[in-house]
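Each remark here refers to the structure printed beneath this line.
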There are 2 protein chains.
Amino acid sequence: MGRREAGKRERRRRIIEAARTLIRETGSTGLSMRALAARAGVSLATPYNLFGSKRAIVLAVLEDVREFRERFATLRSADPVERIFAAVDLALEYYKNDSSFYKTLWSAVFDTSDQVRAEILNPQRYAFWQGLIIDASKAGAISKEFDADMLARQLDFILRSAMLDWVVGDLDNDRLAPTVFCGFALILKAASTPGWRTPLQARLLDSQERIMASTPPRQQIAGNA
Amino acid sequence: MGRREAGKRERRRRIIEAARTLIRETGSTGLSMRALAARAGVSLATPYNLFGSKRAIVLAVLEDVREFRERFATLRSADPVERIFAAVDLALEYYKNDSSFYKTLWSAVFDTSDQVRAEILNPQRYAFWQGLIIDASKAGAISKEFDADMLARQLDFILRSAMLDWVVGDLDNDRLAPTVFCGFALILKAASTPGWRTPLQARLLDSQERIMASTPPRQQIAGNA
DNA sequence: ACCAGTTTTATATTTCATTTCAATATATTA
DNA sequence: TAATATATTGAAATGAAATATAAAACTGGT
């Protein structure tokens with residue numbers, strides 16, 4: 001209500017926009033609060049008033065990426081399990097195609113220095129996977145004896161750890177998606193009803209194959225390092 | 001070789017010891033490089049010379065906790081799958097019984113600001129889970145078509161994400177172990193041979209039950225918050 | 001005991017996130 | 001329109017990590 005709130009929203013928007021630009025231009029290195037405030041045309045204190053911390057701003061940039069949700073909405077797949085993998089694939093494609101940008105954003109996800117994460121980040125992520133699992137459950141793919149909440153959390157566990165490994169360079173672009181697929185397929189296979197296990201098993205073996213294929217033999221790595 | 005190296009080792013030891021003490025006494029708050037250097041009886045520059053960064057020191061403290069490995073060595077279980085869960089349980093008991101200390105240490109695991117993690121942390125964790133899986137595979141519990149390396153990584157994914165949620169307070173002491181157990185049971189069930197699925201399924205449902213049991217009804221939470 | 005090479009030390013500096021607070025501007029409300 | 005409430009601003013201060021540098025101390029070999 002009112003112009004005061006509108007002004008705030010506008011300032012928030014400018015700050016997020018400035019953060020996005022700075023991250024794109026310089027990576028996380030150039031993202032100092034002074035540079036950010038200057039770029040957004042506000043004082044140094046304002047971002048703190050509106051967001052609380054630098055980290056909250058970076059998370060806000062990540063949240064602000066709506067493209068993914070929009071493009072996901074256009075994904076139609078008859079098979080609810082396929083839909084889950086399609087969602088993962090879509091998200092990971094975004095990340096891979098803009099690695100340095102998203103690596104910076106995801107770094108903020110793993111920052112434990114404040115309480116921002118629990119409040120902002122989780123509810124949304126959760127709801128997303130949970131919806132997909134409930135769909136799969138309704139379609140009879142997931143056994144009713146498992147809690148959608150629990151399964152959603154486990155899938156999110158896989159994805160988040162894989163993203164952490166990707167961010168720090170333990171998992172390269174080629175192995176990211178197959179690795180996440182393996183984890184998802186394992187969990188979904190264990191929770192699925194008999195008729196749905198075969199395709200999940202196939203996907204599992206296929207993903208495992210893709211990981212091995214993009215992993216150079218150990219000796220060669222050791223030799224180079 | 002020589003006294004030079006011995007002196008270095010001694011200084012390293014004193015720094016790790018000082019860090020451990022400071023974390024115990026004050027949590028991460030009191031762990032400033034100045035306090036650390038003073039407590040260890042070295043100059044401010046020395047920890048940087050020997051470890052590189054504050055984070056590397058905290059990770060060194062975590063690595064230095066040998067109790068777990070030693071006590072795990074005494075764990076004897078006929079069933080290789082049981083052994084995996086026993087290992088998780090043992091580790092989590094340590095963490096729960098000394099929450100604030102281990103929360104500080106684990107925070108460093110999720111810090112993406114430098115490259116220390118990839119080099120120091122992963123090989124050991126990996127080898128540990130991999131060994132357990134290979135044992136289970138040899139005993140016929142895990143299907144040979146799955147790569148031990150891949151499965152070890154997926155288990156580690158679950159554990160690490162759960163630890164992150166625990167560190168930031170998204171997962172309380174009561175739900176930590178059942179949540180990790182669920183994830184492990186799902187993955188192991190999906191990778192297991194037919195004869196081994198029933199006990200895993202039982203553990204899965206049991207853990208799920210324990211999560212629900214320790215989760216207060218939503219309405220009550222909302223009312224309090 | 002001496003020399004040469006390393007490492008530590010002491011000290012100063014830089015950079016950065018974050019906080020504080022009085023002053024000022026803007027919006028809401030009566 | 002005047003009074004009140006709210007938010008931003010500017011400027012300075014704090015505290016901590018990390019880096020730089022030269023002097024001092026120590027080690028290993030001779």
task: Quickly work out the R12(B) CZ to dT7(C) P distance and round it to whole Å.
output: 13 Å
task: Please report, rounded to the nearest Å, how far the P atom of dA7(D) is from the CD1 atom of I15(A).
output: 14 Å
- prompt: With a cut-off of 6.0 Å (strictly less than), are more than 12 heavy atoms of other residues, nucleotides or ligands near CD of E17(B)?
  reply: yes
statement: Residue pair A45(B)/K54(B) against DNA chain D: nearer the 5' end by closest nucleotide is K54(B)
- request: Could you check how far CZ of F51(B) sits from P of dA17(D), rounded to whole Å?
  value: 15 Å
- prompt: Rounded to the nearest Å, what distance is computed from the CG atom of residue L50(B) to the P atom of nucleotide dT19(D)?
  reply: 15 Å
field: Touch class at under 4.0 angstrom, heavy-atom based, for I57(A) against every strand present
entry: nothing
query: Could you state the CG-P distance from N49(B) to dA24(D), rounded to the nearest angstrom?
result: 18 Å
task: For L31(A) and dT18(C), give me the distance from atom CG to atom P, rounded to whole Å.
output: 11 Å
message: For V61(A) versus F101(A), what's the shortest heavy-atom pair and its separation?
response: CG1-CZ, 4.2 Å
field: Whole-Å gap separating P (dT9(C)) and OH (Y48(B))
entry: 15 Å
- prompt: Counting side-chain heavy atoms from C-beta on, which of dT27(D), dT9(C), dT19(D) comes nearest to R3(B)?
  reply: dT27(D)
message: Base, sugar-phosphate or nothing for L36(A)? Non-hydrogen atoms, less than 4.0 Å.
response: nothing
Side chain Q208(A), main chain D147(B), donor-acceptor under 3.5 Å: yes
field: Options dA10(C), dA17(D), dA27(C), nucleotide nearest the side-chain atoms of R4(A)
entry: dA27(C)
message: I want to confirm an ordering. Mapping S53(B) and G7(A) to their closest nucleotides on DNA chain D, which one lands closer to the 5' end?
response: G7(A)
- request: Could you check which of dT7(C), dT19(D), dT9(C) has an atom nearest any side-chain atom of L44(B)?
  value: dT19(D)
task: Could you check whether the rings of F128(B) and F72(B) sit parallel, tilted or perpendicular, using 30° and 60° as the cut-offs?
output: perpendicular
field: Side chain of R11(B) - closest among dA17(C), dT7(C), dA10(C)
entry: dT7(C)
Atom of P178(B), atom of R210(B) and distance for their closest heavy-atom approach: CG-NH2, 3.8 Å
message: For a quick check of understanding: with a heavy-atom distance under 4.0 Å over all strands, which category does R34(A) fall into, base, sugar-phosphate or nothing?
response: base
field: T46(B) vs T29(A), nearer the 5' end of DNA chain C by closest nucleotide
entry: T46(B)
message: Please report the distance, rounded to the nearest Å, between CE in M33(A) and P in dT14(D).
response: 20 Å
